[in-house]
**Student:** 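Take this structure, written in structure tokens, and hold onto it; I'll ask about it next.
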There are 4 protein chains.
Amino acid sequence: MAGTKDGNGNDGAKPVAQRLLATATRLFAEQGYDRTSVQEIVDAAGVTKGALYHYFGSKDDLLHEVYGRVLRLQQERLDHFADADAPVEQRLRDAAADVVVTTIENLDDTKIFFRSMHQLSPEKDKQVRAERRRYHERFRALIEEGQRTGVFAADIPADLVVDYHFGSVHHLGTWYREDGPLSPQQVADHLADLLLRALRP
Amino acid sequence: MAGTKDGNGNDGAKPVAQRLLATATRLFAEQGYDRTSVQEIVDAAGVTKGALYHYFGSKDDLLHEVYGRVLRLQQERLDHFADADAPVEQRLRDAAADVVVTTIENLDDTKIFFRSMHQLSPEKDKQVRAERRRYHERFRALIEEGQRTGVFAADIPADLVVDYHFGSVHHLGTWYREDGPLSPQQVADHLADLLLRALRP
Amino acid sequence: MAGTKDGNGNDGAKPVAQRLLATATRLFAEQGYDRTSVQEIVDAAGVTKGALYHYFGSKDDLLHEVYGRVLRLQQERLDHFADADAPVEQRLRDAAADVVVTTIENLDDTKIFFRSMHQLSPEKDKQVRAERRRYHERFRALIEEGQRTGVFAADIPADLVVDYHFGSVHHLGTWYREDGPLSPQQVADHLADLLLRALRP
Amino acid sequence: MAGTKDGNGNDGAKPVAQRLLATATRLFAEQGYDRTSVQEIVDAAGVTKGALYHYFGSKDDLLHEVYGRVLRLQQERLDHFADADAPVEQRLRDAAADVVVTTIENLDDTKIFFRSMHQLSPEKDKQVRAERRRYHERFRALIEEGQRTGVFAADIPADLVVDYHFGSVHHLGTWYREDGPLSPQQVADHLADLLLRALRP
DNA sequence: CATGAATGAGGTTTCATTCAT
DNA sequence: TATGAATGAAACCTCATTCAT
């Protein structure tokens with residue numbers, strides 16, 4: 001009786017809601033939000049539409065849940081590294097590398113995040129933008145701190161540097177392959193290195 | 001009174017095919033490819049669906065045309081700067097800055113490009129990927145040249161650096177606003193600067 | 001007042017899928033497959049398009065279902081008569097007459113069958129052809145048996161005789177009228193008679 | 001300069017109108033009337049739509065022209081054989097065989113004829129039906145003559161016999177293959193034979 | 001004679017969502 | 001909790017025909 005009830009791949013091991021979310025995440029990442037039908041999701045999850053609408057108010061809700069998970073995760077981790085007791089260049093390096101690793105480890109979620117953000121309903125979009133802004137500002141504060149204390153070059157707007165780094169993070173979904181030559185940590189180290197070098201005074 | 005009947009953007013001034021393409025570009029950039037219906041495009045362009053399908057074989061074709069235009073433009077400009085007679089750090093800086101300026105100047109096209117690439121039909125997708133690869137390789141060659149000649153740091157994969165820079169270019173559509181504090185040229189100079197600094201040995 | 005709300009043929013008495021199939025059959029027979037729109041079918045059946053596509057994968061599927069029904073019916077009946085314990089000329093006469101009667105009794109289905117066969121999708125067409133061939137061969141075997149045993153003229157290809165008879169069956173949809181002078185059984189007897197006479201040695 | 005003007009397959013050898021009709025006939029036979037678009041016809045004939053509508057009032061007209069040609073041909077030939085100076089059984093045999101041969105020799109036209117008859121506009125349909133009726137009656141008269149004079153069995157309605165034979169003619173398009181084992185003349189002889197044997201008193 | 005751009009109605013199909021059970 | 005039949009709007013696309021040139 002332990003583990004799964006039946007033998008097919010989509011058994012009842014995980015609670016239905018989680019299974020639906022995981023399936024939707026995979027399909028959204030593979031095909032895009034608009035190209036994925038509710039029917040596909042429930043078929044792949046082995047449930048019926050009624051079940052989906054029991055747990056989620058709409059298809060849009062599913063997308064929002066994916067966002068929520070990835071946003072909470074990244075914010076927590078950024079706070080963790082930014083609050084550490086270390087020189088600012090170390091804290092920035094750690095934070096910059098960590099977001100790369102967690103992005104790669106959750107590549108499906110982040111692909112969806114960056115590609116489908118503009119497909120949320122207006123109200124949810126507003127909410128997500130607010131959380132994104134908070135994240136951006138925390139990261140920017142690190143850069144500004146370094147600029148104030150003279151360890152980073154100050155002749156460049158901190159906002160631009162944030163977008164510079166997140167551009168490369170955003171882009172990971174386009175080119176990173178699990179079976180490529182670099183491990184997530186190696187990519188992270190290289191990208192953090194590039195950022196820190198670019199900020200050398 | 002010059003041109004045609006009325007003064008707004010949707011009169012009959014431009015040939016129908018061009019008008020359709022321009023309208024589609026704008027709507028795709030604003031709403032995304034999937035969210036934009038053929039009906040919306042033809043209504044906004046002031047023609048009927050029949051006219052659209054007279055000039056374009058499918059909705060997919062419209063997207064492909066947008067891509068073609070931006071790809072040709074960027075490849076031409078990259079070739080121009082990469083072939084120049086100047087030190088490699090100058091050629092890379094110019095190319096890196098130029099792609100930022102032209103991306104901002106064609107922000108609708110490039111937004112579509114980066115967001116909707118994966119929504120092309122398989123055959124067209126293949127074709128676009130091939131052209132993208134050619135672009136990528138030309139850019140990478142510049143970096144490798146600098147690494148070989150010792151003017152750029154050699155302890156980082158050139159491929160990764162290309163994706164590093166194009167991440168920030170890709171990202172422009174997400175944050176750049178015409179009415180923001182920085183002109184396209186200023187953004188370009190800053191981003192090229194960041195790249196060149198990151199590559200200092 | 002038995003059954004459901006109203007007394008006309010399109011109430012909710014029959015399950016929706018059956019009602020759709022019956023309606024489609026009638027309309028295909030009257031107007032042809034291509035000339036009958038899905039909208040006409042659902043309007044006549046008193047449901048919406050969504051309902052039709054809930055039960056049938058495509059318009060093509062509807063046609064295929066009609067075929068399936070008539071093919072199964074005719075094959076069963078042919079097998080029944082061909083397997084009987086009687087002289088071959090009796091078995092052939094019975095089979096030949098029966099296919100005429102059942103064709104007339106299901107004239108809508110068979111009209112569609114003969115007129116629209118070539119409008120099936122390639123894969124379904126292949127399947128139908130295979131079943132038709134099986135039917136043809138069973139019928140031919142009867143003729144060949146009579147030819148071998150000397151009760152039928154042997155100087156004519158059995159294949160041709162099968163097509164000779166089925167030509168007249170095929171043709172029934174073109175000229176037979178319910179209110180004409182001959183009952184289905186009379187037509188069947190005459191046509192079987194013609195076939196048997198033509199086969200006299 | 002003799003013959004054709006240019007080297008492609010659809011040159012100007014034949015007058016445009018004839019070329020259009022021949023092309024339409026082939027396409028209608030291959031794909032059916034409804035499945036063949038005017039665009040396909042003009043593309044295959046190497047002209048433009050304007051040209052087609054210059055010569056033919058509508059797509060329907062093309063179909064009607066195909067019918068007209070085959071109807072005139074068959075009526076002429078039937079009249080010729082029926083008016084001959086020979087015993088009625090000879091005249092019937094010749095007419096019955098001839099319609100088979102000319103049907104096979106114009107199989108495209110006759111396929112269209114039998115399959116698409118019901119797709120004519122009401123007025124043209126009426127006209128075609130009238131000509132068909134005239135043909136049918138001429139053929140029936142031969143049978144009745146033989147029945148009156150005792151050379152044919154009289155216990156069967158002459159109308160039914162006509163449809164019996166024309167069923168097999170109608171059916172030719174379904175099974176006859178140019179590369180099959182029987183020549184048109186052989187098929188014709190066999191089918192005429194079957195008819196005459198069936199009519200033996 | 002012939003062109004081909006443009007029309008506008010209609011084609012089949014998909015889909016998120018609801019609701020009686 | 002969960003089902004799945006049914007909705008109805010909207011999607012992309014096709015086509016016979018017209019008309020200014």
Side-chain angles (χ1 to χ4, degrees), chain A residues 12 15-17 20 33-43 46-63 121, chain B residues 12 15-17 19-20 33-42 45-62 121, chain C residues 12 15-17 20 33-42 45-62 121, chain D residues 12 15-17 20 33-43 45-63 121:
Chain A
V16 171
L20 278 165
Y33 175 76
D34 281 318
R35 310 286 249 236
T36 303
S37 74
V38 169
Q39 191 63 56
E40 270 179 292
I41 297 169
V42 299
D43 285 352
V47 299
T48 60
K49 282 201 266 209
L52 188 150
Y53 280 95
H54 180 73
Y55 291 108
F56 301 93
S58 66
K59 189 185 172 190
D60 198 74
D61 258 20
L62 277 169
L63 188 55
S121 67
Chain B
V16 171
R19 206 159 76 234
L20 279 165
Y33 176 76
D34 279 323
R35 306 291 249 234
T36 304
S37 74
V38 169
Q39 191 62 57
E40 273 179 289
I41 298 168
V42 299
V47 298
T48 60
K49 277 195 274 207
L52 188 152
Y53 283 96
H54 182 70
Y55 291 105
F56 302 93
S58 65
K59 190 185 169 187
D60 198 75
D61 256 21
L62 277 170
S121 68
Chain C
V16 170
L20 279 166
Y33 176 76
D34 279 322
R35 306 290 249 235
T36 303
S37 74
V38 169
Q39 191 62 57
E40 274 179 290
I41 297 169
V42 299
V47 298
T48 59
K49 280 195 271 208
L52 188 152
Y53 281 95
H54 183 70
Y55 291 105
F56 302 93
S58 64
K59 189 185 171 189
D60 197 75
D61 257 20
L62 277 169
S121 68
Chain D
V16 170
L20 277 166
Y33 176 76
D34 280 319
R35 309 287 248 237
T36 303
S37 73
V38 169
Q39 190 63 56
E40 271 180 290
I41 297 169
V42 298
D43 285 352
V47 300
T48 60
K49 281 202 266 212
L52 188 150
Y53 281 95
H54 181 73
Y55 291 106
F56 301 93
S58 66
K59 189 185 171 189
D60 198 75
D61 258 19
L62 277 169
L63 189 55
S121 66

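Naming: A, B, ... by sequence-line order, numbering from 1 per chain. This is a predicted model, so every value here is computed, not measured.
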**Student:** Check the distance between F:dC12's C1' and B:F56's CZ and give it to me in whole angstrom.
**Tutor:** 16 Å
**Student:** Residues in side chain to side chain donor-acceptor pair (under 3.5 Å) with D:K49, at least two apart?
**Tutor:** D:Q39
**Student:** Please tell me if D:Y53 has a side-chain N or O lying less than 4.0 Å from either OP1 or OP2 of F:dT17.
**Tutor:** yes
**Student:** Reading DNA chain E from 5' onward, which residue's closest nucleotide shows up sooner: A:Y33 or C:S58?
**Tutor:** C:S58
**Student:** So which one's nearest nucleotide on DNA chain E is more toward 5', A:R35 or A:G57?
**Tutor:** A:R35
**Student:** Looking at B:V47 and B:R19, what are the two nearest heavy atoms and their distance?
**Tutor:** CG1-NH2, 3.6 Å
**Student:** Check side-chain contact (heavy atoms from CB on, under 4.5 Å) between D:Y55 and all other residues, then give those that pass, not counting sequence neighbours.
**Tutor:** D:V16, D:A17, D:L20
**Student:** Can you identify which nucleotide, out of F:dC12, E:dA16, E:dG11, has its nearest atom closest to the B:K59 side chain?
**Tutor:** F:dC12
**Student:** Just jot down the side-chain contact (heavy atoms from CB on, under 4.5 Å) partners of B:S58, sequence neighbours excluded, or say none.
**Tutor:** B:D60, B:D61, B:K124
**Student:** Atom CD of B:Q39 and atom P of E:dG8: how far apart are they, to the nearest Å?
**Tutor:** 12 Å
**Student:** To the nearest Å, give me how far apart CG (B:D34) and C1' (F:dA10) are.
**Tutor:** 14 Å
**Student:** Could you go over nucleotides 6-9 of chain F and give all protein N or O partners under 3.5 Å, atom names and distances?
**Tutor:**
unit_1 : atom_1 : unit_2 : atom_2 : d
F:dA6  : OP2    : C:Y55  : OH     : 2.0
F:dT7  : OP2    : C:T48  : N      : 3.2
F:dT7  : OP2    : C:T48  : OG1    : 2.7
F:dT7  : O5'    : C:T48  : OG1    : 3.3

**Student:** Tell me: CD of B:E40 to P of F:dA10, nearest whole Å?
**Tutor:** 11 Å
**Student:** Any non-hydrogen side-chain atom of A:L52 less than 4.5 Å from a side-chain atom of A:L62?
**Tutor:** yes
**Student:** Could you check if a side-chain atom of A:V38 sits within less than 4.5 angstrom of a side-chain atom of A:Y53, using non-hydrogen atoms only?
**Tutor:** yes
**Student:** With heavy-atom distances below 4.5 Å as the criterion, would you say the side chains of D:T48 and D:V42 are in contact?
**Tutor:** no
**Student:** Can you tell me how far CZ of D:R35 sits from CD of D:E40, rounded to the nearest 0.5 angstrom?
**Tutor:** 11.0 Å
**Student:** Show me, range against range, the stems involving DNA chain F, built from at least 3 consecutive Watson-Crick or G-U pairs below 3.5 Å.
**Tutor:** E:2-21 with F:2-21
**Student:** Could you check how far CG of D:L62 sits from C1' of F:dA16, rounded to whole Å?
**Tutor:** 12 Å
**Student:** Rounding to a whole Å, what distance do you find between A:L20:CG and F:dT1:P?
**Tutor:** 14 Å
**Student:** To the nearest angstrom, how far is D:D43 atom CG from E:dG4 atom C1'?
**Tutor:** 12 Å
